[in-house]
A.B. asks: 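This is the structure, below, for whatever I ask next.
Just so it is clear, the model here is predicted, and its values are computed rather than measured. In what follows, every chain begins at residue 1, and chains take the letters A, B, ... in the order their sequences are listed.
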2 protein chains.
Amino acid sequence: MIGKTEKRKKLEKAGWRIGSAADFLALTPAEERYVEMKLALAHRLSETRRRHRLTQEKLATVLKTSQPRVAMMEKGDPSVSLDLLVRALLALGVTPRLTN
Amino acid sequence: MIGKTEKRKKLEKAGWRIGSAADFLALTPAEERYVEMKLALAHRLSETRRRHRLTQEKLATVLKTSQPRVAMMEKGDPSVSLDLLVRALLALGVTPRLTN
DNA sequence: AGACTGTATATCAGAATTGATATAAGTCCA
DNA sequence: TGGACTTATATCAATTCTGATATACAGTCT
């Protein structure tokens, strides 16, 4: 079990702007899960890239995007869509199955 | 095992414009998987809504969007993002876990 | 220190997605 | 047939996302 303050810090560190404690608590469970999913995918992308021994620059070329965007993806930045993350993972051969 | 022509029909019916057989075959495995994921989520959304005995109109209200967009989502229309689909499912309490 | 490699941050114009609206089409029942 | 209800399609302005560029930061080596 992870405390709320701790979780908040984790999210803020990841670039999710959360103004006040009230704002944070206003995150619905669905929103929290969405953010967590994104961070999980982001982490997975980073891991996968390392496993393939690629630099962000090289991965960017493979994905036909730029190194800065890859950096954003690996942070799970709010400005990056799930689509982009999923496409990247699929391109790397990772096959996410959606289970209940 | 599903034939290529059959699969193509399925995708075209779902609104994915695929001009020629050559174009279709040009879909990379990653792209195919992406489309299939989307259609799976779309179908899942439709099922879930029905299970909750909601009209598209009512679901739209819950999701703070419009009935026409819900229709698009349930078709897995190319103009609908994974984000939107996932958010919708999460809002309905479906909790997709990403497994290997 | 300086050069080099890899990653992070800021900004922005162009592209894609969004909710909304209007309206058509399908379904059921009296 | 016609109305009530539900879903589908078309269009569009506003928002969001994207790739690109410039540049900063961090680590390693000589």
Side-chain angles (χ1 to χ4, degrees), chain A residues 10-18 27-28 30-31 34-35 37-39 41-92, chain B residues 10-18 27-28 30-31 34-35 37-39 41-92:
Chain A
K10 194 175 97 188
L11 295 179
E12 284 182 342
K13 200 174 155 195
W16 297 84
R17 272 174 273 130
I18 291 156
L27 276 186
T28 67
E31 288 168 335
Y34 173 78
V35 172
M37 264 187 71
K38 218 151 140 176
L39 293 180
L41 290 172
H43 185 247
R44 187 105 171 246
L45 178 61
S46 183
E47 271 185 334
T48 306
R49 170 176 67 78
R50 291 166 203 278
R51 191 159 52 243
H52 287 236
R53 310 212 183 288
L54 295 173
T55 63
Q56 290 185 344
E57 186 65 44
K58 282 184 189 147
L59 177 55
T61 303
V62 172
L63 302 179
K64 299 193 211 302
T65 182
S66 61
Q67 175 271 319
R69 187 141 300 274
V70 171
M72 295 300 223
M73 291 187 211
E74 294 190 358
K75 276 183 48 185
D77 191 277
S79 80
V80 171
S81 71
L82 272 185
D83 293 67
L84 201 59
L85 283 169
V86 168
R87 279 175 192 279
L89 286 168
L90 289 177
L92 284 176
Chain B
K10 194 175 98 186
L11 295 178
E12 284 183 342
K13 198 175 155 195
W16 297 84
R17 272 174 274 130
I18 290 157
L27 275 186
T28 68
E31 289 168 334
Y34 173 78
V35 172
M37 266 187 69
K38 218 151 136 175
L39 293 180
L41 290 172
H43 184 247
R44 186 103 171 248
L45 178 60
S46 183
E47 271 186 335
T48 306
R49 172 177 65 79
R50 290 166 204 279
R51 190 159 53 245
H52 287 236
R53 310 213 182 285
L54 294 174
T55 63
Q56 289 185 345
E57 186 64 45
K58 281 184 190 146
L59 177 54
T61 303
V62 172
L63 301 179
K64 298 194 213 299
T65 182
S66 61
Q67 175 270 320
R69 186 139 302 275
V70 171
M72 296 300 222
M73 291 187 212
E74 294 190 358
K75 276 186 47 184
D77 191 277
S79 81
V80 171
S81 72
L82 273 184
D83 292 67
L84 200 61
L85 282 169
V86 168
R87 280 175 192 278
L89 286 168
L90 289 177
L92 284 175

A.B. asks: How long is the line joining CZ of A/Arg50 and P of C/dT7, in whole Å?
C.D. replies: 7 Å
A.B. asks: Verify the distance criterion only: is there a donor paired with an acceptor across the side chains of B/Thr48 and B/Arg44 at less than 3.5 Å?
C.D. replies: no
A.B. asks: For A/Arg69 and C/dA10, what is the distance between atoms CZ and P respectively, to the nearest whole Å?
C.D. replies: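 Answer to the nearest Å: 14 Å.
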A.B. asks: Within this structure, what is the NZ-to-C1' distance between B/Lys75 and D/dA8, rounded to whole angstrom?
C.D. replies: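 The answer, rounded to whole Å, is 8 Å.
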A.B. asks: Report the distance from atom CD of A/Gln67 to atom C1' of C/dT7, rounded to the nearest whole Å.
C.D. replies: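 The distance from CD of A/Gln67 to C1' of C/dT7 comes to 6 Å, rounded to the nearest Å.
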A.B. asks: What's the shortest heavy-atom distance between A/Lys75 and A/Leu39, and which atoms?
C.D. replies: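 In this case the closest contact between A/Lys75 and A/Leu39 is O-CD2, 3.6 Å.
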A.B. asks: Tell me the interatomic distance from B/Gln56, atom CD, to D/dC5, atom C1', rounded to whole angstroms.
C.D. replies: 12 Å
A.B. asks: If you compare all heavy atoms of A/Ala42 against all heavy atoms of A/Gly76, which two are closest, and at what distance to 0.1 Å?
C.D. replies: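 Heavy atoms of A/Ala42 and A/Gly76 come nearest at CB-N, 3.4 Å.
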A.B. asks: Would you say A/Thr65 reaches D/dG19's phosphate, i.e. side-chain N/O to OP1/OP2 under 4.0 Å?
C.D. replies: yes
A.B. asks: Determine the contact category for A/Val80: base if any of its heavy atoms lies under 4.0 Å from a base atom, sugar-phosphate if only primed atoms, P, OP1 or OP2 are that close, otherwise nothing.
C.D. replies: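 Sugar-phosphate: the residue A/Val80, judged by heavy atoms under 4.0 Å, touches backbone atoms but no base.
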A.B. asks: Find which nucleotide of DNA chain D each of B/Arg87 and B/Lys58 is nearest to by heavy atoms, and output the residue with the more 5' nucleotide.
C.D. replies: B/Lys58
A.B. asks: Of the options C/dA8, D/dT9, D/dG19, whose atoms approach the side-chain atoms of A/Ala71 most closely?
C.D. replies: C/dA8
A.B. asks: What nucleotide, of C/dT9, C/dG19, D/dT18, holds the atom closest to the side chain of A/Pro68?
C.D. replies: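 Of C/dT9, C/dG19, D/dT18, C/dT9 is nearest to the side chain of A/Pro68.
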A.B. asks: Does any donor atom in the side chain of B/Gln67 or B/Gln56 lie under 3.5 Å from an acceptor atom in the other side chain?
C.D. replies: yes
A.B. asks: Please state how far atom CZ in B/Arg49 lies from atom C1' in D/dT7, giving the value in whole angstrom units.
C.D. replies: 8 Å
A.B. asks: Indicate, with a heavy-atom threshold strictly under 4.0 Å, whether A/Ser66 touches base, sugar-phosphate, or nothing.
C.D. replies: base
A.B. asks: Which of these nucleotides, D/dT6, C/dA22, C/dT7, is closest to any side-chain atom of B/Thr55?
C.D. replies: D/dT6
A.B. asks: Tell me which of B/Met72 and A/Ser81 sits closer to the 5' end of DNA chain D, going by the nucleotide each one is nearest to.
C.D. replies: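 It is B/Met72 whose nearest nucleotide is closer to the 5' end.
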A.B. asks: Between C1' on D/dT7 and CD on B/Glu57, what's the gap in Å once rounded to a whole number?
C.D. replies: 10 Å
A.B. asks: To the closest 0.5 Å, what do you measure between CG (A/Leu59) and CD (A/Glu74)?
C.D. replies: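 Reported to 0.5 Å precision, the distance equals 7.0 Å.
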A.B. asks: Would you kindly give the NZ-to-C1' distance between A/Lys64 and D/dC17, to the nearest whole Å?
C.D. replies: 19 Å
